[in-house]
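Atom set for the values below is all heavy atoms of this structure, side chains included, hydrogens, waters and symmetry mates excluded. From a predicted model like this one, the values you see are computed outputs, not experimental measurements.
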Amino acid sequence: MKPFLKFDIQLHRNGFFLDAKSEIENGITGVFGPSGHGKTTILNAISGLLKPDSGFIEINGRVVFHAKNRINSPVQKRNVGYVFQDVRLFPHLSVNQNLKYGLKKNDSENVDFDEVVDILNIRQLLYKKPSECSGGEKQRIAIGRALLSGARILMMDEPFSAVDINLRNNIIPFLHLINSRFKIPMLIVSHDLPDLLSLTNNLMLLKNGNVKVSGKFQDLILDESNVELMKGAGLYNVFNLFVFATLPDKNMMLLRSDLHDFQVQALCHPSIEEMDNGRQTKVLIRPEDVSIALNPVTQISLRNQIEGIIEKIFSKDGFWFCLVDAGEKILVEITEASGKNMKLEPGKTVYCLFKSAALKIF
């Protein structure tokens, strides 16, 4: 698949050096890294708010910046929708006017105004001022304005930093809907890894102004240096599963992979009426919430006991990280003492044990 976004840029600012290169395909890509490592700088360069010292930027096959060829398209010609961390709606305009401000700036064929309003569920807000809207509503309005401006790529800088967990869970489905309906690539910047993993498996990891690596999360955790970079942000295992049975009388739901024999039991989702059989969903669990046994365990409350083979072990700060291949890759964190006591090693068959309540369902 041809990349939608390509860049190889270098930039010096106030003692900070960005030297970043990557290729991004259609879909949603999470941009992750510690604060101050260049995430927002990359977005500002792509949008045209910052001019790199050297290199190039190409969006949808069109070169918008090339230092040697002296190409530097202005912001309004790049067709980039940028939703800032502080949203930046016009406070004196109504929601309707904020949205249609984007229409005025659009030189290309507009997406349908009513469709955007309905998908983002903001019709009831049209004649309010931004000050009368919640944080999540403001985010959706800003996204709508970006779409109506003719954006060919949508970039969001820390979209969840100013909203609580309930609002985050409200925004995430809208981002999936937009990507699915309009086929618009998204770059989502966050220093909160679980937020990104609830959106996408595609990550671009930044460290010290460099793109360390890009790829599928399940592939990135094969490298212990990537795990070390992500661990401080709340590392999770991520499984893409679908619902194949619901057991309301037991408050349980059964999920499995459509690629191999991997299934889990989880507590019923709060909006169980929306979790019909066959519904695809994303399931997250922390490595420290998974235990390892050498044999199946009877007479125990843990409902999930999944057989797998240890693929790799690496240690960090007195802990072992065991990568278990159970069809899905499961990263398990245990103490080094426990690992040695159990004589764990690559190639050994083990059972991954975890509570249904430990699973996060998106």
Side-chain angles (χ1 to χ4, degrees), residues 165-166 168-169 172-173 193-195 197-199 201 217-218 221 227 230-231 234-313 319-335 337-339 341-344 346-362:
I165 186 65
N166 292 324
R168 294 181 192 200
N169 292 339
I172 286 169
L193 189 59
D195 283 341
L197 294 177
S198 67
L199 276 166
N201 294 328
F217 173 76
Q218 290 86 344
I221 61 174
V227 172
M230 294 185 283
K231 185 179 185 302
L235 188 59
Y236 276 79
N237 289 288
V238 184
F239 312 127
N240 293 306
L241 307 177
F242 67 90
V243 179
F244 75 92
T246 54
L247 309 171
D249 57 322
K250 296 182 180 180
N251 195 36
M252 298 294 298
M253 58 197 305
L254 307 180
L255 306 104
R256 69 183 180 193
S257 170
D258 60 353
L259 300 176
H260 35 67
D261 185 22
F262 179 91
Q263 66 180 52
V264 299
Q265 298 183 49
L267 292 180
C268 280
H269 195 273
S271 55
I272 187 64
E273 67 277 3
E274 298 178 3
M275 300 300 287
D276 301 326
N277 289 355
R279 170 77 176 268
Q280 289 189 329
T281 185
K282 196 177 291 287
V283 180
L284 277 65
I285 186 169
R286 297 180 299 183
E288 60 266 34
D289 287 337
V290 184
S291 299
I292 284 183
L294 297 178
N295 298 288
V297 182
T298 60
Q299 297 182 331
I300 191 171
S301 63
L302 295 174
R303 291 184 175 270
N304 293 290
Q305 301 191 33
I306 300 175
E307 183 179 358
I309 298 174
I310 295 178
E311 185 174 296
K312 187 176 183 179
I313 297 174
F319 290 91
W320 276 13
F321 289 89
C322 303
L323 188 65
V324 180
D325 187 350
E328 296 280 345
K329 300 294 176 66
I330 307 176
L331 191 65
V332 185
E333 180 182 345
I334 60 174
T335 63
S338 294
N341 185 56
M342 298 172 71
K343 298 180 180 179
L344 299 182
K348 197 177 190 78
T349 297
V350 296
Y351 291 82
C352 296
L353 283 60
F354 50 90
K355 297 178 180 179
S356 301
L359 295 167
K360 294 181 180 291
I361 309 295
F362 291 91

Search all heavy atoms of [X] against all heavy atoms of [Y] and return the closest pair with its distance.
X: Val297; Y: Ala293; answer: CG2-CB, 4.0 Å
X: Ser356; Y: Ala266; answer: CB-CA, 3.9 Å
X: Phe217; Y: Tyr236; answer: CZ-O, 2.8 Å
X: Met342; Y: Lys348; answer: O-CE, 3.9 Å
X: Lys329; Y: Asn237; answer: O-OD1, 3.9 Å
X: Met230; Y: Ile221; answer: CE-CG2, 4.1 Å

When you compare the side chain of [Y] with that of [X], does any pair of heavy atoms fall below 4.5 Å?
X: Phe319; Y: Glu288; answer: no
X: Leu241; Y: Arg256; answer: no
X: Leu254; Y: Gln263; answer: no
X: Val227; Y: Glu333; answer: no
X: Val350; Y: Leu294; answer: yes

Could you measure the distance from the [atom1] atom of [X] to the [atom2] atom of [Y]? Nearest 0.5 Å is fine.
X: Ile313; Y: Leu344; atom1: CD1; atom2: CG; result: 5.5 Å
X: Phe242; Y: Asp258; atom1: CZ; atom2: CG; result: 5.5 Å
X: Leu255; Y: Phe262; atom1: CG; atom2: CZ; result: 10.0 Å
X: Asn295; Y: Thr349; atom1: CG; atom2: OG1; result: 10.0 Å
X: Ile285; Y: Lys360; atom1: CD1; atom2: NZ; result: 10.0 Å
X: Ile334; Y: Trp320; atom1: CD1; atom2: CH2; result: 7.0 Å

Next item on the list: Please lay out, stage by stage, how Phe354 and Asp289 fare under the test side-chain contact (heavy atoms from CB on, under 4.5 Å).
Entry: CA-CA 6 Å; Phe354 50 90; Asp289 287 337; 5.6 Å; no

Margin query: Apply side-chain contact (heavy atoms from CB on, under 4.5 Å) to residues Leu359 and Leu267 and explain how you reach the verdict.
Written below: CA-CA 8 Å; Leu359 295 167; Leu267 292 180; over 6 Å; no

Item checked: Name of the residue among Cys352, Pro287, Cys322 meeting side-chain contact (heavy atoms from CB on, under 4.5 Å) with Ile330 -> Cys352

Note to self: Please determine whether side-chain contact (heavy atoms from CB on, under 4.5 Å) holds for the pair Arg303 and Met252, giving the CA-CA distance in whole Å, both sets of side-chain angles, and the decisive distance to 0.1 Å.
What the structure shows: CA-CA 10 Å; Arg303 291 184 175 270; Met252 298 294 298; 3.5 Å; yes

Check: Does one side chain, of Asn304 or Lys355, offer a donor that lies under 3.5 Å from an acceptor on the other?
Finding: no

Item checked: CA sep, side-chain torsions, deciding dist, call: Leu331, Val290, side-chain contact (heavy atoms from CB on, under 4.5 Å) -> CA-CA 8 Å; Leu331 191 65; Val290 184; over 6 Å; no

Check: Would one find more than 12 heavy atoms of other residues, nucleotides or ligands at under 6.0 Å from atom NZ of Lys312?
Finding: yes

